[in-house]
Amino acid sequence: MSANISSEVIAAFLILVGTIFSFLSAIGLIRLPDVYTRSHAASKSSTLGVLCTLLGALLYFWITDGYFSIRLILGIFFVFLTAPVAAHLICRAAYRSNVELAKESVQDDLKEVFKRD
Amino acid sequence: MNNVVLLPIIIPLIAGMIMIILRKNIRFQRAFSIFAILATGAVSVFLMTQIRTKGIQTLQLGGWQAPFGISMVADMFSALLLLTTSVVSFCCLLFAFHSIGKEREASYFYPMFLFLITGVNGSFLTGDLFNLYVCFEVMLISSYVLISLGGTKKQLRESVKYVLTNIVSSFLFLVAIAYLYAMTGTLNLAHLSVRIAEVGQDGLMTTVAILFLIVFSMKAALFLFFWLPGSYSAPPIAIAALFAGLLTKVGIYALFRMFTLVFYHEPQITHLIIGVLGGLTMLLGAIGAIAYWDIKKILTYNVMVGVGFIMAGLASFTPVAMTGSIYYLIHDMIIKALIFLIGGTMIHLTGTSKLKEISGLIGTHPYLGWMFFIAALSLSGIPPLSGFLGKVFITQGTFETEYYWLGAIGLITSLMVLFSIMKIFMNGFWGETYLSEDMEKGTTKGLMFPIGFLTVATIVLGVGAEGIIEYVNLATESLMNPKYYIEAVFQGNIMP
Amino acid sequence: MKKPNDVILHSVTKVAVVIILTFSIDLFFAGHHDPGGGFIGGLGFASALTLLFLSFNIEWVRENIPIDFKVVTASGVLIAVLTGLGSLIFDAPFLSQTFDYFNLPIFGKTELATAVIFDFGVALAVIGTAVTIILSIAEDR
Amino acid sequence: MFKLILMISLFFLTLSMMAALYRVIKGPSMPDRVQALDTISISLIGGVAICSVLFHTHALLEIILILGILSFVGTIAFARFMERGVVIERKHIK
Amino acid sequence: MNWLPIMILIPFLFALFVPLIYKRLAPRFHTGWFVFFVPLTLFIYLLRFIPAISKGETVHITLPWIPSVGINYSTYLDGLGLIFGLLITGVGTLVILYSIYYMSKHREALHNFYVYLLLFMGAMLGLVFSDNILVLYVFWELTSISSFLLIAYWSQRKKSRQGALKSMLITIFGGLAMLAGFIMLSMMTNTYSIREMLTAIDGITTNLLFLPAMILILLGAFTKSAQFPFSTWLPDAMEAPTPISAYLHSATMVKAGIYLVARFTPVFGGSSEWFWMVSGVGTITLLYGSVNAVKQTDLKALLAYSTISQLGLIMSLLGLGSAAMYFGYGDESTMYAVAVLAAVFHLLNHSTFKGSLFMVVGIIDHETGTRDIRKLGGLMNLMPISFTITIIGSFSMAGLPPFNGFLSKEMFFTAVLQAANLNVFNMETYGMLFPVIAWVASVFTFIYCMILVFKTFTGKYQPKRLEKEAHEAPIGMLIPPIILASLVIAIFFFPNVVSKYLLFPAVDAILPAFAQNEGVHVKISAWHGWNTELFMTIGVVVLGVFMFRLLKKWIRIYGVIPQALTLDHLYNQGLEKIESISYRLTNRYMTDSIRDYLVYIFTFMVLLVGGAIWLLNGISFDSSNDAPISMYEAGLVAGIIIAACTVLFSKSRITSLIAVGSLGYLVSMLFVIFRAPDLALTQLVVETVTTALFLLCFYHLPELSKNIGRMRFKATNLIISIGVGMVVTILALSANGNRLFDPISSYFEDSYELAGARNIVNAILVDFRGFDTMLEISVLCIAGLGVYTLIKLRLTGRDKE
Amino acid sequence: METLMSILVGLLFSIGTYLILSKTLLRIVLGASIISHGVNLLILTMGGLKKGGLPLLGENNLSYTDALPQALILTAIVINFAVTALFLVICYRTYQVVGIDDSEQLRGNEDE
């Protein structure tokens, strides 16, 4: 029984933290000024958020049922693997399709590189 | 259990799939598709004899007893339609050999053709509501492909409309199934019939019935026929003839099945609506047929008249009327395919579908002309051709139920049909012959056999009605007595 | 503008595709007892191929997977139909499925069901169709 | 208590989903929307995970993985499209 | 074994061989000779029946056709049928003989001609010998069809085609009405046999369908017999070659209506409606035809109107005679029954004199190249034989002695005078109209007969206005009219021979009540003494001669009647109007716009389903069994709605696509919550693949559609879509509250035992409902191929189908 | 929940219908796919929501949610996918060949 409770505590904690993380990132998604910064918020925090949540679930099942889910591990791994790539691609696509940087931006290194071509 | 019931669906399906794999060999495809159609026809004849001697044949797919698995049910009505389908598709296929063109043949024309037959036969045989939807989809999606096969401007334009209308109707079909499932908790037609009979058809159930009516009306071109004239005029002749012969008939079949087996408790509401819609369809169709001077348009509007007339029989819902409807349905499938094939040949020869630009074809093509004449008479129900008996019985049926207006509309529209179709004959075939044979855009080489075959069919069906009337009566009997169907499906098993 | 290099994408894709393929095969076999099955397995497989198309180009995939997917589709349907026809030999209703438990040397007690063959046909058909559609459109001028 | 926390977590997820939807509507640029779509699917992954804990079932875990995969595939497709206009490349484009 | 049914079919069988013969022997051998023997044989064959039939026997043979529904090819030969049969075959023989000389074997497509003719003859024979009303109807329509073909024999001519169409439309219209009447009749009597109907008459006169059936059947008869106002087809039918006109309009086609009325007199006769309709329409037609005939300038048109008028006469006689049925057998009623005798007699007479007249007109046309009275004249000396025949025919038609027309005309006057004294059916009030109209019509009849004779044969010969040099016709062409003309005279002198063998049996058949007693055996004689009838005839002659002399003075009166009021004009206008109205109507709603069609469909659905659930009290909400709603679910639902609305309002296609994508993801989340993991999985993958497809297509679509523009607001669209949504929702809520049965799915919960699967959904998919899945992957496969062919196969511009 | 879902389905139908009635072909296709979601949800709702556990045996549930509608929806989804794909490509080809993106302009003209 205690295993159950402890698992519930751990899981609940992780899940809550995860969702709060993703909530924060959502705030960032709304508040940040341009696509590049928003992408930062979205990818980093949401990845972290979902990782926590999944970890919570994984632990919960592991402890209560003794069920170690390969799929969840794979899922975590996959999200870990792909989220940055996705963010990278989006940003690159944004830049290449000439999405403006926010007014507050100080520097645009790539500008010179692209101008040369 | 009788696995033969399934063969009319499986044979064309397998044949089509094999042809996809062997795409390159067109001659093989031709031979094989003919073989598949003939085999299907043979199976349906075999089924007919079996049904006659042993009663309704059923197959519980996978061996799962009735309401749980999918039941395939072949009663005489289905079997008759199966046979007619084979005849019609056989002729359309032969016609296609010489008219469809190499490009289309190499682009999966034959598989699509066979899949369409699969869908049609499946719809005729299935005893499960959802499976009916799936069969419809098989038929529809092949028809989408067939109608757009070739990708000409007109084809694409019309297929957008055709596809969209049918998508909408498919959605409504699913919606109706959902409601029915919520209320009855089952999908098997026989089981639905039992359950609805048990609680009676209350207002809500009738409303759902009306929803089904709308769904099938769209497929059957009953009143909601707006999509039809355009889409039947777009594809090549062989395909248009196949559509005219089969597509709307599947909707009609579904209406018959649903409103004789499942929703037959409130005929003064549902069947009256069918009658009103049928009457309107006949009138509007006939008016449309009169209105134009274009072969394809005249013919397509005539398709609706036929639909409306068959529905008048269902609306009357008496044994005589049903016999008439079944008989007329068979006639209509054959004659519509025939008249489309001939009309198409005219267009093929002259390169135009405008009547005012065609004249005197009978000078160069007497056989074609006279076959058209026979078809035209048969179409308007002139005796002793095949349309006659159905007309008499349907009219009698409407009189019996005191829908005199419906019978009157039927008769008046048959006159209008005659007028419209004679317009084609008198302007297209009669008159001065100015187009000599070598000036024509195409030849009738190879096209005459299927046309002649169907012409003979319509004569035989009329003069030799005695040979088929026994089967039609059996079909009527099974339609008018749902309990036969139910017994055959459950075979004494306990229903949940 | 410079042609962007896809190093990151390519390397990730290679890993991802392996994962997806394994996973979809797993889904396919799991289908009988857990969520999954022919459809999802097939669609998953197809999406792996789609991912390949996305990150590499068509020719690359064509060279490495030289299959006519239309034939795959047709064979899939044929397999499904033929499992149904198999039951005719035993004079059972069409599509009668059967299953039994066998003690196989390595796997231990294993369930073998004809339904799996059927499902395999489904999966093939799904893969074939999805890839056919995507490739056809992609190859359009 | 456990359920309550899970519910609260779901509530947070709902909010972040809404935020992402807001981005989908608001834009202003395409990458923003794609990013938001990605975020939605990520938050759905969280949702599925919580649900599977709630229902106490292992059956939903497949969905998590497939959602991850698909959101990746989808994002790449969109990114490709935005970047080059073409989703699937060919060696010799015209 | 009696060969009667087979004999009727002989013309049809021969028709099959005619093209073969023609192919072999034309043009050396005139196909007509081959055909000639068909009616001749039949005529002789039928003659053999006369003795038996005149003794009151009948022949009734039934061959099964569709016995299971009571439609049998049953032939019934009685006096009425026999007289018609003899006319058909007899006049047929003569017409074919005539046609052999009339139709050139070099120029004409004789095989068609004789095939049509044989078809027509067979149809007529079948018509008069059929006992089964549906078989009768079969032959009835066959006569319409074959006469259509005959009239349009010169189908290159527009007028022929139009005339043919007119006759076909009108007669088939009547045929359809008749069919409806027949069906009602058979419903009342439960039989298709006329014989058996007669035994059931008593029970049906009070039936609600009795009157409609009568009117409908009469409509058939009137159209066929060219009664007013359906007479308009007959003059146009003169476009046919003259042998055909002679055949159709003297002996056969138009007589079919008479036959029908006579045949059904035992069924309907005796009711006032029948009496009034038949005699009234007949009388009006008589007047209409004779008055109109006078103004015609075309000889054939004149004869056409005279045919109309004469048919009216016969019809009115039949109507008047039906009064006898009212009284039943008795002395008083025998007086009315004489009218029936007169009808049959005049029928016979009309065939003889009208046949000969048509043939003569054909000869004139053939030999001079015109039928225009204004161009003709003075042919008496050039064509003496034709002149004699014309005199005989015309004077008989005008009702002068010593020709048979005189006898029947006298009997007609007797009948109308009797009718004036009738005191049933409101005849007290209107009875006097009959003799008056009859007399006036007779005057006009007299006038046009005079025109026919004197305008053509006397006066000045105008060779310049003729196409050919006029001369007498070859003898072969003259033989048939000579035979008919000699019959005209022979019948005058021996009327009672004719009546004994032909007329009395026919009358017996029409009035079976009399036949059971003694029958209507009235002696026909030329001299009755100085009675009213004779004075009427004298009056006709005197006034007729007077008016003929002054024809030029008053013929202009015809010009007063405006063109717009003539039947011809009404028909033409009507047809045109129908076409143009149809065109406008159809084009009004068939706009060829998919949006309009969908608007129709949705509106129809909303109205019908919404109306049904409202009117049938189907609305019943019951949310007591609903599952609870949690915060997250509400959020999902809200998200779905927002996403859907985004699609609605977004201007860019990518935004719409992304919105739809997120909608799909959210829906799959709902599936997760609703415990449908398989669904969620599938939905996700499908959604992604679909999105990828959209993106793929977007690439190839030009820039233009990147921005799809603002959605323009349309109130109709909004109303319709809200309606659709409401209907769906209301039905869903009602259905949800009306779960009447447990679903069958509890069975599937044993799927592990049954199918060896723990995943129920999968078990259903691959096992319980594996067939669905099989077809569904076929759908997928077809769609895949469809996409492939759509992309690869492009025939644009190459074929114009 | 069923009530809410019914309303949601109704809304989806409304929006989808409105889109289908619009002129742009793309909107029509999207409208169709929105309606298809509505249909799927409707079938699921009509089967009863959350009436039991996941339809997987061996999860020790006392009752299972109605699995039949799920199977039906699965079939419907796949069929809809096929149809949508085909329809999309037809629209796309129409656009290429006819060169318009407006359903109102898809009318046939007389001289063809």
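Here is how names work: the chains are called A, B, and so on, in the same order as the sequence lines, proteins then strands, and each is numbered from 1. From a predicted model like this one, the values you see are computed outputs, not experimental measurements.
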So which part of [X] gets closer than 4.5 Å to some heavy atom of chain B, the side chain, the backbone, both or neither?
X: E/Tyr788; value: side chain
X: E/Asp742; value: backbone
X: E/Ile619; value: neither
X: E/Ile71; value: side chain
X: E/Leu585; value: side chain
X: E/Pro67; value: both
X: E/Met605; value: both
X: E/Ile601; value: both

Looking only at heavy atoms and a cut-off of under 4.5 Å, which of [options] has the most pairs with chain B?
options: E/Val609, E/Leu785, E/Ile172; value: E/Leu785
options: E/Asp772, E/Leu790, E/Leu179, E/Leu740; value: E/Asp772
options: E/Asp767, E/Leu142, E/Asn617; value: E/Asp767
options: E/Tyr137, E/Tyr747, E/Phe748; value: E/Tyr747
options: E/Phe173, E/Tyr600, E/Trp140, E/Phe182; value: E/Tyr600
options: E/Met187, E/Met184, E/Glu141; value: E/Met187

Taking the side chain as every heavy atom from C-beta outward, state whether [X] and [Y] have any pair of such atoms under 4.5 Å apart.
X: B/Phe399; Y: E/Leu209; result: no
X: B/Phe419; Y: E/Leu575; result: yes
X: E/Phe771; Y: B/Ile9; result: yes

Discussion item. Tell me if the centroids of the rings in E/Phe148 and B/Trp430 come within less than 6.0 Å of each other.
Written reply: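 Centroid separation for E/Phe148 and B/Trp430: below 6.0 Å.
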Worksheet entry | side-chain contact (heavy atoms from CB on, under 4.5 Å) against E/Trp154, all qualifying residues, sequence neighbours excluded |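 With sequence neighbours excluded, E/Trp154 shows a side-chain contact (heavy atoms from CB on, under 4.5 Å) to E/Glu108, E/Gln156, E/Arg157, E/Ser160, E/Pro241, given in chain and number order.
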Worksheet item: Which value, rounded to the nearest 0.5 Å, describes the distance between E/Met168 atom CE and B/Leu415 atom CG?
Response: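 Rounded to the nearest 0.5 Å, the CE-CG separation comes to 9.0 Å.
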Worksheet item: How long is the span from the CZ atom in E/Arg794 to the CG atom in B/Leu156, to the nearest 0.5 Å?
Response: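 Reported value, rounded in 0.5 Å steps: 9.5 Å.
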Atom group of [X] that falls short of 4.5 Å from chain E, counting heavy atoms:
X: B/Leu211; result: both
X: B/Ile469; result: side chain
X: B/Ile214; result: side chain
X: B/Ile412; result: neither
X: B/Ile10; result: side chain
X: B/Leu116; result: neither

Fill in: Test side chain to side chain contact (heavy atoms under 4.5 Å, CB included) applied to B/Tyr108 and E/Thr789, E/Leu793, E/Ile782, the passing residue
E/Thr789
Worksheet item: Taking all non-hydrogen atoms of both residues, which atom of B/Met112 and which atom of E/Gly786 are closest, and how far apart?
Response: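 Closest approach of B/Met112 to E/Gly786, heavy atoms only: CE-N, 4.4 Å.
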Worksheet item: What's the shortest heavy-atom distance between B/Met17 and E/Cys781, and which atoms?
Response: CE-SG, 3.7 Å
Among [options], residue most engaged with chain E (heavy-atom pairs, under 4.5 Å):
options: B/Glu470, B/Met205, B/Glu400; value: B/Glu400
options: B/Thr206, B/Leu224, B/Ile210; value: B/Leu224
options: B/Asp202, B/Leu204, B/Val199; value: B/Leu204

[X] (side chain) donor-acceptor with [Y] (main chain) under 3.5 angstrom:
X: B/Lys161; Y: E/Asp592; value: yes
X: B/Tyr179; Y: E/Val728; value: yes
X: E/Trp65; Y: B/Val463; value: yes

Worksheet item: Going through the distances and angles, do E/Asn587 and B/Tyr292 end up as a side chain to side chain donor-acceptor pair (under 3.5 Å)?
Response: CA-CA 10 Å; E/Asn587 268 6; B/Tyr292 294 103; 2.6 Å; yes
Response to the item:
Applying side chain to side chain donor-acceptor pair (under 3.5 Å) to B/Ser414 and not counting sequence neighbours gives none
